[in-house]
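These notes concern the structure reproduced below.
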Amino acid sequence: MIDQFRKIIVSLLKEKTDLIEDEIDKCIEIPPDSKMGDYAFPCFSLSKTLKKPPNKIASELAEQISPVNPINEIKAIGPYLNFFLDKKIFSEVVLKKISNETDLYGSDAIGTDKTVVIDYSSPNIAKHLAVHHLRSALIGNALYNIYKELGYKCVGINHLGDWGTQFGQLIVAYRKWGEKNLEKYTITDLNKLYVKFHQEAEKDIHLEDEAREWFKKLENGDGEAIALWKRFKDISLLEFQRVYKMLGIQFDAFVGESFYNTMVDDTVLRIQKKGLSCISEQALIIDLERYNMPPCLLRKKDDTTLYATRDIAAAEYRSAEYHFDKMIYVVGSEQKLHFNQVFKVLELMGYDWANNCVHVDFGLMKFKEGRMSTRKGMVVLLEDLLIEAVERIKKIIEEKNPSLKDKEIVANDVGIGAVIFADLSTKRNKDVIFDWDTVLNFEGETGPYVQYTHARLCSILRKYGKAVTSNIDFALLKEDDAINLIKVLWQYPFVLLKSAQFYEPSLISNYLIDVCAKVNKFYNSHRVLSEDDDLTKARILMVNAARQIIKNGLKILGMHAPTEM
RNA sequence: GCGCCAGUAGCUCAGCUGGAUAGAGCAUCGGAUUUCUAAUCCGGCGGCCGAGGGUUCGAAUCCUUCCUGGCGCGCCA
């Protein structure tokens, strides 16, 4: 989507300068204070070619360019040429567009006929989902929604960590110390075995070898190994699905690493035929020294495959299966090198689509005391956090709005939403310290704040009780508080585009805070419902537009927007 | 040692594809509710934007050196 107001300014400037449209468009900015105008064109860059001071250029341009509808004033302020929109026309364009497009406001067609594969969440099976698994799942889910909104066909893949030496470890632990009634096992039981293995392995170095042997059996299709592994996987999936359901996260495919087991031999063979690999210290590797990277390991000395091998095979498979235009891996930044290696190998294999693979990395979540570790039991289970969030919200509802109907549903929406919003509101590449009171803070720049604002707007509309009309006198929306709100509403589609461009959902959560701050400012100083019918109608239209944007934005983040709370 | 990421108010962060006086929230102090939900709003306090050097008309933003913290660097994922 293009900003039609911006476009008009570009065309006006194009007539009076020698610059091309793109250059002008890049320069145009939104002034820090709306008193200075709605759009501004800095004249510094022109001063070189024109050999005149920028202030002079600005004032000359201001004289030369006469304002045309919807611009009603062009004024030089220092070295800037500032454009003032006709507020009436601006409000009309914005509010009518939102009013017409409703749930589709913000959507775009740039992704039509393009496919994006998004690999997110991708936890290891046989371990609980813990809070540090949140980030990949939530960022991935949000990116899925963002790209879908922009017209892309999205394929969400949960690339389960269901293969690897760790399952050899688990099988060993189960056979040595496990209760034999596998039907009754939960993830907690598997987790205990996993922890036990690592405790014992510190005392007995042979255990690791034994585990590697069992993994080899697994890769070779040994009956007992496969049966155990399959059961471990079923137990895990059952519990994962429960938590995903709580979070409202879905996938198009649950395809784990094991799925590619039958393909890796072929993949490795082709790599070898291309002469990309060599043997080093008994392992099969691809030397990447030329590219300033450590080697990529394909096969261990016992011939079994590694994570990278399976990722390469998986990428090939996905390319053939989905013909993607872009493939996004939402995986922690500690795996940056791994993905750089994998992408480089794909490129060396001759795949031009290797350039369309992106590692969307994010910072580590840890405790004040240090790293989270399943092995050491240093985790907060995701499910526990979600339950606690909902419980705390229930208490607040009893305090503030005890007569609320559907308390359970609202508490769920708000509690889970608070956790989602908290996670998505900082830029993804920052490390985060997990702290109960931070995640479960419900005041200020939080999910509940956004949802609360939405609920209040809904409340006004309920009280109004009549149909919203866009047949209003737009001149009545004249207060700065109103105009500032409408201006920020106009930005939503561009924020969405930017969040896709940078793979950054936090742009949307921060934007929503901005919208809510402006809504609340208006709300606190102006009445919406009043004796003045025309004014009420006008403000209702604006309120409804703000409500719509908050709802659309929350949906992108994977949150519900309760109409009452 | 090498590589990647981060360092902005007491705390958590936004601003970083160079632009007008560095913005929020939390905390703290004070104020706003006979009227649309006070999970809100308004005001006060609070900053050598990690340090130095450079590029530029202009640097929190770009380059460079250094400091601090996190992560990664061959048989885990």
Side-chain angles (χ1 to χ4, degrees), chain A residues 26-27 29 31-33 36 40 42 44-45 47-48 53-54 77-80 82 122 124 161 163-166 169 208 212 257 280-285 292-302 304 306-308 310-311 331-338 340-341 361 363-364 366 371 393 396-397 399-401 404 414 418 425-427 429-433 435 437-438 441-453 455-464 498 501-502 506-507 510 513-514 516-517 519-530 536 539-540 543 564-565:
Chain A
K26 251 180 92 179
C27 289
E29 49 193 76
D33 188 332
M36 296 190 266
F44 305 99
S45 54
S47 84
K48 250 185 216 154
I77 303 179
Y80 291 88
N82 291 16
S122 310
N124 290 331
W163 208 243
T165 314
Q166 53 175 325
Q169 296 170 349
E208 295 278 7
R212 271 188 283 270
E257 290 183 65
S280 162
E281 296 169 35
Q282 297 175 309
L284 185 68
I285 68 155
N292 226 347
M293 280 188 269
C296 177
L297 267 79
L298 294 176
R299 282 193 193 280
K300 296 183 265 190
K301 61 184 169 195
D302 68 0
T304 56
L306 287 116
Y307 180 46
R310 296 189 286 275
D311 259 0
V331 181
S333 57
E334 69 273 15
Q335 292 191 33
K336 194 89 217 161
L337 176 61
H338 163 75
N340 284 341
Q341 290 175 314
D361 59 340
L364 213 61
K366 52 189 170 178
R371 249 183 123 129
I393 294 292
I396 294 174
I397 289 173
E399 250 170 59
K400 310 213 179 218
N401 195 359
L404 180 69
V414 178
S425 56
T426 44
K427 258 168 57 173
N429 66 0
K430 291 237 185 195
D431 287 349
V432 290
I433 304 283
D435 174 61
D437 292 332
T438 307
N441 170 38
F442 307 132
E443 280 167 20
E445 298 173 335
T446 64
Y449 170 72
V450 177
Q451 288 170 319
Y452 176 68
T453 305
R456 281 167 123 193
L457 300 183
C458 290
S459 174
I460 296 173
L461 291 161
R462 263 197 309 276
K463 192 156 182 187
Y464 179 64
K498 196 175 171 191
Q501 185 193 345
F502 292 101
S506 70
L507 290 172
N510 288 328
I513 293 288
D514 195 17
C516 291
V519 167
N520 284 317
K521 196 174 164 70
F522 183 89
Y523 180 99
N524 272 279
S525 42
H526 309 280
R527 293 242 359 131
V528 175
L529 305 175
S530 70
T536 301
R539 288 181 174 173
I540 280 288
V543 160
E564 237 175 304
M565 67 186 263

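Chain naming here is simple, since letters A, B, ... match the order of the sequence lines and numbering starts at 1 in each.
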(message) Checking the side chain of A:Ser459 only, and the main-chain atoms of A:Ala455 only, is there a donor and an acceptor separated by less than 3.5 Å?
(response) no
(message) Base, sugar-phosphate or nothing for A:Ile285? Non-hydrogen atoms, less than 4.0 Å.
(response) base
(request) Quick one: label A:Ala455 by what it contacts on the DNA or RNA (base, sugar-phosphate, nothing), any heavy atom closer than 4.0 Å. (result) base
(message) Between A:Arg539 (side chain only) and A:Arg527 (backbone N and O only), is there a donor and an acceptor less than 3.5 Å apart?
(response) yes
(message) If you compare every side-chain N and O of A:Tyr449 against the phosphate oxygens of B:C41 (OP1, OP2), does one of them come in below 4.0 Å?
(response) yes
(message) Nearest to the A:Val528 side chain among B:A20, B:C36, B:C41, which nucleotide is it?
(response) B:C36
(request) Give a yes or no on whether the backbone of A:Thr438 and the side-chain of A:Asp435 come within a donor-acceptor separation of less than 3.5 Å. (result) yes
(message) Students often get this wrong, so: under 4.0 angstrom with heavy atoms, is A:Ile397 touching a base, only sugar-phosphate, or nothing?
(response) base
(request) Could you run through RNA chain B and flag its stems, i.e. three or more consecutive Watson-Crick or G-U pairs with both distances under 3.5 Å? (result) B:1-7 with B:67-73, B:10-13 with B:23-26, B:28-32 with B:40-44, B:50-54 with B:62-66
(message) Can you check the distance between B:C42 and B:C26, where both ends of the measurement are the P atom (answer in whole Å)?
(response) 11 Å
(request) Send over the distance from A:Leu306 CG to B:C76 C1', rounded to a whole Å. (result) 8 Å
(request) Determine the Euclidean distance between corresponding C1' atoms of B:G15 and B:G47; express it in Å to zero decimal places. (result) 14 Å
(request) Using a cut-off of strictly less than 4.0 Å, decide whether A:Arg299 has a side-chain nitrogen or oxygen near OP1 or OP2 of B:G74. (result) no
(request) Evaluate the side-chain proximity of A:Leu298 to A:Ile285: yes if any heavy-atom separation is below 4.5 Å, no if none is. (result) no
(message) We want to know whether A:Ser506 and A:Ser425 form a side-chain donor-acceptor pair, criterion being a heavy-atom distance below 3.5 angstrom.
(response) no
(request) Describe the nucleic acid contact of A:Lys400 in one word from base, sugar-phosphate, nothing, applying a heavy-atom distance below 4.0 Å. (result) base
(message) Nearest to the A:Val414 side chain among B:A77, B:C75, B:A39, which nucleotide is it?
(response) B:A39
(message) I want to check one thing: is the phosphate of B:A77, taken as OP1 and OP2, less than 4.0 Å away from some side-chain N or O of A:Asn124?
(response) no
(message) Just the rounded figure in Å: distance from P of B:C75 to CH2 of A:Trp163.
(response) 21 Å
(message) Is it true that, when you exclude A:Asn292 itself, more than 12 heavy atoms of the residues, nucleotides or ligands shown sit nearer than 6.0 Å to its CG?
(response) no
(message) Can you see if the side chain of A:Ser333 gets near the phosphate of B:C5 - specifically, an N or O under 4.0 Å from OP1 or OP2?
(response) no
(request) Supply the atom-to-atom distance A:Thr304 OG1 to A:Arg212 CZ, rounded to the nearest 0.5 angstrom. (result) 8.5 Å
(request) Look at the side-chain N and O atoms of A:Arg539 and state whether any lies under 4.0 Å from the OP1 or OP2 oxygen of B:C36. (result) no
(message) Categorize A:Pro294 for me: base, sugar-phosphate, or nothing, with a 4.0 angstrom heavy-atom threshold over every strand shown.
(response) sugar-phosphate
(request) Look only at the side chain of A:Asp361 and the backbone of A:Gly332, and say whether a donor-acceptor pair between them is shorter than 3.5 Å. (result) no
(request) Taking atom P in both B:U61 and B:C45, compute the distance separating them and give it to the nearest angstrom. (result) 27 Å
(message) What is the distance, to the nearest angstrom, from the CD atom on A:Glu208 to the P atom on B:C75?
(response) 12 Å
(request) Describe the nucleic acid contact of A:Gly164 in one word from base, sugar-phosphate, nothing, applying a heavy-atom distance below 4.0 Å. (result) sugar-phosphate
(request) For B:U34 and B:A39, measure between their C1' atoms and round to the nearest Å. (result) 23 Å
(message) Looking at the base of B:G25, is there any donor atom on it, or on the side chain of A:Thr446, that sits under 3.5 Å from an acceptor on the other one?
(response) no
(request) Mind checking A:Asp311 for me? I need base, sugar-phosphate or nothing, with any heavy atom below 4.0 Å counting as a touch. (result) nothing
(message) Expressed as a whole number of angstroms, how long is the span from A:Asn401:CG to B:U40:C1'?
(response) 14 Å
(request) Nearest whole angstrom, please: distance from the P of B:U35 to the NE2 of A:His526. (result) 19 Å
(request) Return the value, rounded to whole Å, for the distance between atom CD of A:Gln341 and atom C1' of B:G3. (result) 12 Å
(request) Pick the C1' atom in B:C48 and in B:A32, then give their distance to the nearest Å. (result) 37 Å
(request) Look at the side-chain N and O atoms of A:Tyr307 and state whether any lies under 4.0 Å from the OP1 or OP2 oxygen of B:A77. (result) no
(message) In whole Å, measure the gap between the P atoms of B:G54 and B:C11 for me.
(response) 30 Å
(message) Checking A:Gln335 against A:Tyr307 for the side-chain hydrogen bond (donor to acceptor under 3.5 Å, both in side chains) test, could you report, in this order, the C-alpha distance in whole Å, the side-chain angles of both residues, the deciding distance, and whether it holds?
(response) CA-CA 11 Å; A:Gln335 292 191 33; A:Tyr307 180 46; 2.5 Å; yes
(request) Give one of base, sugar-phosphate or nothing for A:Glu564, where a contact means two heavy atoms less than 4.0 Å apart. (result) base
Taking only nitrogen or oxygen atoms into account, show me every contact under 3.5 Å that the protein makes with nucleotides 8-17 of chain B, one pair per line with its distance.
| unit_1 | atom_1 | unit_2 | atom_2 | d |
| --- | --- | --- | --- | --- |
| B:A14 | OP1 | A:Lys427 | N | 3.0 |
| B:A14 | OP2 | A:Lys430 | NZ | 3.1 |

(request) Nearest whole angstrom, please: distance from the P of B:G69 to the CD of A:Glu334. (result) 20 Å
(message) If the cut-off is 4.0 Å, is A:Lys301 near the phosphate of B:G74, judged by side-chain N/O to OP1 or OP2?
(response) no
(request) Looking at every strand, decide which applies to A:Arg371 at a 4.0 Å heavy-atom threshold: base, sugar-phosphate, or nothing. (result) sugar-phosphate
(request) Mind checking A:Gln335 for me? I need base, sugar-phosphate or nothing, with any heavy atom below 4.0 Å counting as a touch. (result) base
(message) Run the side chain to side chain donor-acceptor pair (under 3.5 Å) test against A:Asn524 and tell me which residues pass, sequence neighbours left out.
(response) none
(request) From the options B:A20, B:C4, B:G70, select the nucleotide whose nearest atom is closest to the side chain of A:Lys366. (result) B:G70
(message) Nearest to the A:Leu364 side chain among B:C75, B:U37, B:C71, which nucleotide is it?
(response) B:C71
(message) Need one value for A:Pro54: base, sugar-phosphate or nothing, where a base atom within 4.0 Å counts as base even if backbone is also close, heavy atoms only.
(response) nothing
(request) Measure from the side-chain N and O atoms of A:Asp431 to the backbone N and O of A:Leu364, and report whether any donor-acceptor pair falls under 3.5 Å. (result) yes
(message) Tell me whether A:Gln341 contacts the main-chain N or O of A:Pro295 through its side chain, where contact means a donor paired with an acceptor under 3.5 Å.
(response) yes
(request) Starting at atom CG of A:Asn520, determine the distance to atom C1' of B:G25, rounded to an integer number of angstrom. (result) 14 Å
(request) Could you walk me through whether A:Ser333 and A:Asn429 pass the side-chain hydrogen bond (donor to acceptor under 3.5 Å, both in side chains) test, one step at a time? (result) CA-CA 8 Å; A:Ser333 57; A:Asn429 66 0; over 6 Å; no
(message) Tell me if a side-chain donor or acceptor on A:Asn441 pairs with a main-chain N or O of A:Asp437 at a distance below 3.5 Å.
(response) no
(request) Could you check whether A:Tyr464 gets within reach of a base, just the sugar-phosphate, or nothing at all, counting any heavy atom under 4.0 Å? (result) nothing
(message) If I pick the C1' atom on B:A22 and the same atom on B:G46, what distance separates them, to the nearest angstrom?
(response) 14 Å
(request) Please work out if A:Arg212 contacts a base, only the sugar-phosphate, or nothing of the nucleic acid, heavy-atom cut-off 4.0 Å. (result) sugar-phosphate
(message) Taking B:C75 as the reference, what is the distance to B:U12 when you measure between their P atoms (whole Å, please)?
(response) 35 Å
(request) Considering just the side-chain nitrogens and oxygens of A:Arg456, establish if one lies under 4.0 Å of OP1 or OP2 belonging to B:A39. (result) no
(message) Once you apply a heavy-atom cut-off of 4.0 Å, does A:Met293 come out as touching a base, just sugar-phosphate, or nothing?
(response) nothing
